[in-house]
Amino acid sequence: MSLQEFAAGIQSTSLSTALKSVSWIVPTLQSVHILMIGVVFVSILMISLRVLGRVRADEPLVRVWNRFAPFLWSGVAVMAVTGVVLTIAEPVREFMTLSFRLKMLLLVICIGSAAAFGRSVRGAARVAGVATGVEPPLPAGVRLAAVATLVLWIAIIFLGRAIAYDTPVWGDWSPTVSLGGAAT
Amino acid sequence: MNAPPSFIHDIEASAIGEWMRGNLLAMPVVNAVHVLCVTLVFGTILVVDLRLLGLLDRGRAVTQIAHEMLRVTWAAFAVAALTGALFFSANATTYWFNPAFRFKMLAILLAGVNMAVFQLITFRGVAAWDRNAPTPRAARLAATLSILIWISVLVLGRVIGFTKSVEVTVPENVDFDFSGGP
């Protein structure tokens with residue numbers, strides 16, 4: 001089964017049809033999804049800027065992580081739920097775009113790296129002993145990783161928006177071209 | 001329906017409007033930058049509002065948080081306004097009559113008034129509650145209003161996309177032909 005058939009299969013389910021038949025469902029889910037971008041991206045921004053020493057330099061990194069991580073993970077969870085429902089409502093619009101596929105790839109990388117980073121920060125803080133106020137030194141390359149993280153999350157946001165413009169953005173690389181150019 | 005004022009026509013007929021409509025990549029790029037900046041505005045203001053509500057960062061001075069966050073907020077707001085103006089120029093006459101667009105502009109105005117009132121009146125006494133003290137009721141009210149208004153701005157912005165009929169999505173009746181190859 002091709003991805004196109006898979007998407008068309010979801011689109012023909014009664015759940016997908018039901019979601020699409022109520023006009024306010026998709027805009028509402030998209031709105032919640034976009035609000036959560038603000039929560040998640042600013043959490044990532046604050047943690048990254050703290051690593052770069054640009055904000056909250058007077059607070060230990062682990063405290064900044066603990067302040068923003070709950071927002072990061074709750075936001076990601078809400079975006080996952082709204083994203084899945086949106087994809088069920090419009091599977092062809094999502095799966096048959098290069099933007100969506102790249103976005104999913106980058107999401108796996110970014111969520112994985114955020115989880116690994118959080119574990120490492122908390123682990124290092126435990127070892128160093130936050131109670132003593134000793135800030136564990138940051139490993140080499142972590143500043144570069146912070147910048148890369150910001151670039152990748154911005155790319156995810158851009159790709160999310162580009163789903164609606166897959167053909168103008170990607171031209172012949174867009175799988176929507178194989179749908180007869182009906183979709184953009 | 002009345003005709004929009006002539007300056008709205010002029011904006012739409014301008015070289016910038018022309019460029020926005022004619023350039024294939026202009027709309028998606030401007031759109032993505034707009035979304036990025038709007039979410040930055042919302043997210044950074046939320047950090048300040050949650051501090052004003054006394055829910056988070058209580059050990060951190062209100063003035064310090066406001067200083068850190070609002071730099072990003074203003075920069076993002078400026079770019080959001082610029083990209084928003086580019087959008088407007090592409091389809092000014094359509095936007096002019098779009099209720100969601102009008103309510104969104106009204107909501108941004110309300111957010112500005114709320115912020116101005118807070119800044120000019122409530123914030124004057126910040127020294128008394130900057131750190132390790134409960135924030136006054138007026139500050140908590142301003143923060144609550146701010147969160148609600150900015151959520152409205154984002155939702156209304158998304159509604160414009162559905163009521164202005166410029167974005168093209170896959171039609172539901174798209175014909176799938178699996179019999180032959182591409």
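Note: hydrogens, waters and symmetry copies are ignored here, and every other heavy atom, side chains too, is used. Below, read A as the first sequence line, B as the second, and so on, with proteins coming before strands; counting in each chain starts at 1.
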Below 4.5 Å from any heavy atom of chain A, which atoms of [X] appear? Answer side chain, backbone, both or neither.
X      : value
B:V159 : neither
B:V38  : neither
B:L156 : neither
B:V33  : both
B:L40  : both
B:I151 : both

Check: Looking at A:I157, A:D58, A:L159, which one has more heavy-atom pairs under 4.5 Å with chain B than the rest?
Finding: A:D58

Do you know which of [options] has the most heavy-atom pairs with chain A at a distance under 4.5 angstrom?
options                     : value
B:E68, B:Q64, B:H34         : B:E68
B:V72, B:L56, B:V29         : B:L56
B:L154, B:L36, B:V41, B:D57 : B:D57

Minimum-distance pair of heavy atoms, taken over all atoms of [X] and [Y]:
X      : Y      : value
B:L25  : A:P168 : CD2-O, 3.7 Å
A:L35  : B:F42  : O-CE2, 3.5 Å
B:F162 : A:V26  : CZ-CG1, 3.9 Å
A:R56  : B:V47  : NH2-CG1, 4.0 Å
B:R71  : A:R54  : NH2-O, 4.2 Å

Next item on the list: Select one option (side chain, backbone, both, neither) describing which atoms of A:F158 are under 4.5 Å from chain B's heavy atoms.
Entry: both

Check: Checking A:M36 against chain B: side chain, backbone, both or neither under 4.5 Å from a heavy atom?
Finding: neither

Item checked: Joint hydrophobic cluster, A:F100 plus A:W173, side-chain heavy atoms closer than 4.5 Å -> yes

Margin query: Consider side chain to side chain contact (heavy atoms under 4.5 Å, CB included). Of A:V42, A:I34, A:V40, which one does B:T39 pass it with?
Written below: A:I34

Notebook entry, point to check: When you look at CD1 of A:I10, are more than 12 heavy atoms from neighbouring residues, nucleotides or ligands closer to it than 6.0 Å?
Noted result: yes

